[in-house]
Amino acid sequence: MLPDRASIAAYLTILSGSAGRLVISLVYFLIVANTLTLGEFGIFATASATGVILSRLLAFGFVSPVYRIATVKPRLLGAYLAGFAGLGLLSLPLIGLAGWAVYVLLFAGKVAVLPFALIIIAEVLGWRLVELVAIVNNGMRRFREAALLVIIGAGLRTLAAVAFYLHGQATLTVWAFAYLGATLLSALVAFLVFLPKARWEFVPALYPRRMADALAAGAADILFYIQAELDKLLMLALAGDRVAGLYAIAMRVIDLTAMPVRSFNQMLVQKIMQERGLHGGLARRALVELGIAAVSIAGLVAIILLLVLFPRALGNNVALASYLFLPMLLVPAFRNLVEYQAELLYARERTGSRVVLLCAVAALKAALISWVMTHHGADGSWALWFNGVFGAVYLLSTAFTYRLVGKAR
């Protein structure tokens, strides 16, 4: 991708939004991570990850056609938003049933139903709708509005975290109510202020043609987040809530390194969708991946150096988890590269292939994490082994993705 001035300006706009969200999200994360106990934070992080996965069932994946229309034919946006609303209502019983099944299998006995349900609702009916409006704005190249929206959403969650800290009753249930309130308010602001004006009109003839893409993209999205969040669920099941809390803190810090990469991914996907292709040879692709890896590792190194100089700078619970950062130094690079490659397949509309890849990635990750925690969970060396886990996942993704991308040229 050869960047022109407009592309660079758009990327910087998206990146500025990511940077603002990064700073605000860091404050939010530190307050919550250091106010809840390690066990409660592990439960919250795992329940939130479950909610993110279940939120991809909303409207049966119709977010994907909405994004494509916003990118290439925005005049039809109102019709597609009406379709999303109708399908969203139809999908709620399925989401409720899936949420209950996950609770019975993984969370029963560890957390009450009420806080779990509140967290799931916050992700499905709160933050997912904020993401929808941000996606629409990005598709229409309204990058400034999308950036401002995610900053406001992160800011409201941070204000909720501050109120939770000052409230004095640092229980998971109290935080779940505060989290739900902040995310629903964010969704309300998104729809009232940031959703582009469009005449909503239900056009039944449009939807059958798009449902195959929606279902495939939705399935791929669900599988992507399952493989991305599967490690947290497995850590809760295999190592208990305290270790799961430490791991969740470490992965949350690692996830912060992905924000500049995701801004780049977003620009690249739009470029490929508009130009109907991916340009550049093997050397350029390798250079892009090296750049993503370098940025990812540098972000974690910066945090490690900060904690070496000021061990308690990010709070007591983060300090307790900081011993995991150096052994897992390569994890951010491998994790962000797998996400980048999944976006390449989405941009080239290889949705079925993306589903196959994500199934394979999830299965491989589950098998390797289970083996590592079974053989090395007790001796504390498991964190170092996770470089190998994520490295193996990256190699599988690389072999699969570039074989398909090469055929698509």
Side-chain angles (χ1 to χ4, degrees), residues 49 52-53 56 216-235 237-238 247 250-251 254-255 257-258 261-262 264-265 268-269 272 278 280-297 300 327-377 381-409:
V52 169
I53 294 169
R56 270 53 198 172
D221 216 15
I222 291 167
L223 287 168
F224 174 79
Y225 279 96
I226 286 176
Q227 67 83 22
E229 306 293 351
L230 183 64
D231 46 351
K232 297 185 182 73
L233 299 174
L234 287 172
M235 293 299 285
L238 297 173
Y247 181 76
M251 293 307 291
I254 286 172
D255 194 52
T257 68
V261 175
R262 287 170 184 158
F264 170 77
N265 289 348
L268 181 62
V269 165
I272 294 173
L278 177 65
L282 181 61
R284 179 172 293 174
R285 294 176 189 176
L287 186 61
V288 169
E289 294 213 354
L290 284 173
I292 290 173
V295 168
S296 304
I297 293 172
L300 186 56
M328 297 173 67
L329 187 61
L330 299 181
V331 169
F334 293 136
R335 193 166 180 263
N336 293 340
L337 284 169
V338 170
E339 183 172 331
Y340 160 75
Q341 291 170 357
E343 290 299 311
L344 288 183
L345 291 177
Y346 173 76
R348 294 296 294 123
E349 299 187 36
R350 304 300 294 259
T351 311
S353 299
R354 190 169 180 243
V355 168
V356 173
L357 170 62
L358 292 172
C359 284
V361 164
L364 178 61
K365 183 185 284 187
L368 292 177
I369 289 178
S370 298
W371 184 87
V372 168
M373 296 309 297
T374 300
H375 291 81
H376 301 280
S381 65
W382 59 267
L384 187 61
W385 280 88
F386 269 49
N387 292 293
V389 170
F390 283 87
V393 168
Y394 163 71
L395 291 177
L396 171 62
S397 175
T398 299
F400 189 94
T401 299
Y402 287 114
R403 182 170 175 268
L404 288 175
V405 169
K407 287 181 178 180
R409 290 185 64 195

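Side chains are part of it too, since the values below use all heavy atoms of this structure and drop only hydrogens, waters and symmetry mates.
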[atom1] of [X] to [atom2] of [Y]: how many Å apart, nearest 0.5 Å?
{"X": "I369", "Y": "Y247", "atom1": "CD1", "atom2": "OH", "result": "5.5 Å"}
{"X": "M328", "Y": "F390", "atom1": "CE", "atom2": "CZ", "result": "6.0 Å"}
{"X": "L337", "Y": "E289", "atom1": "CG", "atom2": "CD", "result": "5.0 Å"}
{"X": "L230", "Y": "K232", "atom1": "CG", "atom2": "NZ", "result": "10.5 Å"}
{"X": "R285", "Y": "Y402", "atom1": "CZ", "atom2": "OH", "result": "7.0 Å"}
{"X": "I292", "Y": "E339", "atom1": "CD1", "atom2": "CD", "result": "9.5 Å"}

Do you know which two heavy atoms are closest between [X] and [Y], and how far apart they sit?
{"X": "L396", "Y": "V361", "value": "CD2-N, 4.0 Å"}
{"X": "L300", "Y": "P332", "value": "CD2-CG, 3.7 Å"}
{"X": "N336", "Y": "S296", "value": "ND2-OG, 2.7 Å"}
{"X": "L223", "Y": "C359", "value": "CD1-SG, 3.5 Å"}
{"X": "A216", "Y": "V355", "value": "O-CG2, 3.7 Å"}
{"X": "A392", "Y": "L364", "value": "O-CD2, 3.8 Å"}

Checklist entry - Is the side chain of S397 donor-acceptor paired with the backbone N or O of V393 at a distance under 3.5 Å, no angle test? => result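 Not confirmed, S397 side chain does not pair with V393 backbone.
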Checklist entry - Is a side-chain donor or acceptor of E229 paired with a backbone partner of I226 at a separation under 3.5 angstrom? => result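 A pair under 3.5 Å: no.
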[X] vs [Y] side-chain heavy atoms within contact, under 4.5 Å:
{"X": "R354", "Y": "Q341", "result": "no"}
{"X": "R335", "Y": "D255", "result": "yes"}
{"X": "V331", "Y": "M251", "result": "yes"}
{"X": "L368", "Y": "F386", "result": "no"}

Checklist entry - For the rings on W371 and H376, is their centre-to-centre separation under 6.0 Å? => result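 Centroid separation for W371 and H376: below 6.0 Å.
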